[in-house]
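Worksheet for the structure shown next.
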Amino acid sequence: MARRRMHKNWALTGTMTLIAMVINLPIILMVLNSFQPTEAIVARLTIIRRDPSLQNYRFLMEETPFLSYLRNSVVTALGATVFSLFCAVFAGYALSRFKNRLLDVYSTGLFAVQMFPIILALIPLFLLFRPLGLIDTPLSVIIVYGVINLPFVTWMARSYFDTIPRELEEAALIDGCGHFGAFFRVVLPLSGPGLAAVSIFAFLLAYNEFFVANVFLRTKAAMTLPVGIQMFLQQFSTDWGSLTAAASVTMLPTLILFLFVQKFITHGAIAGGVKG
Amino acid sequence: MTASLVKQTAWRSSARQFLTPDLRMTLLLLLPSLILMFVVIGYPMIQGFWYSFTNGSLLKAGKFVGLRNYGKLLTDPSFWHALRFSLYFAVANIVGCYSLGLGLALLLQKDFPGRGLFRVLLLLPWIVPSLVAIVSWRWMINDDKALFNQIIVFFGGDPVYFLSSSNWTIAMVIVIKIWRSFPFMLLSLLAALQTIDRTLYEAADIDGATKWQSFRHVTMPAISGISVVLCLLMTVWTVNDFDTPWLLAQGGPANATENLVVLAYRYTFARNDVGMGAAVSFVTLAILMVIFTVVLRLQREKR
């Protein structure tokens, strides 16, 4: 009986392997293609060929502004992470420790931000940023990402603070610490691992983002990876070798970071829901 | 003089009463977020509302034109098309990603070797950047020799031009959107399924319920609340989706895959008509708010 059940479960593993393969097929094929010259990809003779080469990747690094896009992406994503984390840590702490009408209103507001059609803010912001010289600078995108990330990052930060017992702060307060002292000296050091996971999520959201960057970053020197590669897609839509290579390299940091934080994700997704 | 001083102190003390230490601390902690939300959402929203009544361009501020922009929208066939497409898109995506997500969640809930790994693998379409998703899909549907067409031809069909026929492009935008968003449903439904009390299933089993009956009478009632919320979230995100229709086909062919957001973007940044762009965005917001209120009210009445 037990053996039969084990048997059945392996059958389920087989089914799931098949499902996972089919679902991820576009990604798998894209990565495989990136090691082939464009002529071979377009000819589509077989899927796995015998002579993989790094030619597309070399072309990407040497002949295109790919590295500059990558640098811009990292700068904006880091900036957005620091920015949203700074705001979310305080707000998340307030949500975790206090209960009052102001916080109820704030929670509703946060939920509204999560649902807000960002196009509505982009048009006035574009007109506001241009005279300030912010268009085509990372700062314009960082500010907007700060808000887009805010709900998710706040909810996640809050859920970590919830796991830290109040008694610790109360002890610090009795010992003569102020509220802020207790927060900085007791709560923050203890929530290090949680905040690291939150930062990685904030980084991922900003790194993946296309729409806002597409509106604000219009010159080649300022573009992030998604916007830059979109230009490839419009201009050289037949150069599948470079396109698939560019998309594969873009995906790599996302995948690596995701593997680090995937076990936290259920929590965060339920707490607020990530945009997507 | 003294009267105003008395008034002032009275106001101060009432303010102090109102602002309890807790409330003051809360306000201080929320301050950075509140400022950010005001600068990026609050102020632009007010400004945008004003723009929707003007005829400005990206280069110069316009004059007040009253309701002319909204009137123009009502007679603009591309607006009605975008509205219809946005709603179809949302409904199709919800049906697709809810059924796919629930089906896979029910499978992943079972105990089998490698379950943790599959939970991660099935989330990949959701976490890759939208651009990567589109590049990977486009290769499969690009031309008459693309993978999908090879399969169609293999089974004796004629190649389909996925990106030049309106209906096929619409279908592909929907398929890709489902592919990109089902993992969120999967993840959230899986978490909801895991909170259901096991003994309920045992009780149903003892009462002789079939698998379908226990799904219908135990599982569904337990996840119906969260399902409504998830579908609502997904509606909003689909209506607000710019990446999928724009990156796949730039709203084309013609304007077949132009939803409200793409239309607002086009009006503002391609046709340089800020007033119309702002008007379309506001209509989008209004529609979302109506859907939201109606669904939440219906749900409350059901209880």
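Chain identifiers are assigned alphabetically (A, B, ...) following the order of the sequence lines, protein sequences preceding nucleic acid strands; residue numbering begins at 1 within each chain. Given the structure is predicted, the values throughout are model-derived calculations rather than measurements.
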Given heavy-atom pairs under 4.5 angstrom as the criterion, report whether the side chain, backbone, both or neither of [X] touches chain B.
X        : value
A:Leu259 : side chain
A:Ile23  : both
A:Leu127 : side chain
A:Leu204 : neither
A:Thr17  : both

Out of [options], return the one with the most heavy atom pairs under 4.5 angstrom to chain A.
options                               : result
B:Val229, B:Leu232, B:Leu285          : B:Leu285
B:Leu107, B:Val239, B:Leu36           : B:Leu36
B:Ile46, B:Leu190, B:Asp243, B:Leu230 : B:Asp243

Among residues at least two apart in sequence or on other chains, which ones pass salt bridge (Lys or Arg N to Asp or Glu O under 4.0 Å) with B:Asp241?
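Testing B:Asp241 for salt bridge (Lys or Arg N to Asp or Glu O under 4.0 Å), a comparison that skips the adjacent residues, returns B:Lys177.
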With sequence neighbours left out, write down each residue that passes salt bridge (Lys or Arg N to Asp or Glu O under 4.0 Å) with B:Glu258, or none if nothing qualifies.
B:Arg266
Give the C-alpha distance, both sets of side-chain angles, the deciding distance and a yes or no for ring-ring contact (aromatic ring centres under 6.0 Å, His included) between B:Trp237 and B:Phe184.
CA-CA 12 Å; B:Trp237 290 335; B:Phe184 172 74; 5.2 Å; yes
Cation-pi check, B:Arg271 onto B:Tyr267 ring (under 6.0 Å, within 45° of axis)
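Ring-cation test returns yes.
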Using 30° and 60° as the class boundaries, would you call the ring planes of B:Trp137 and B:Phe148 parallel, tilted or perpendicular?
perpendicular
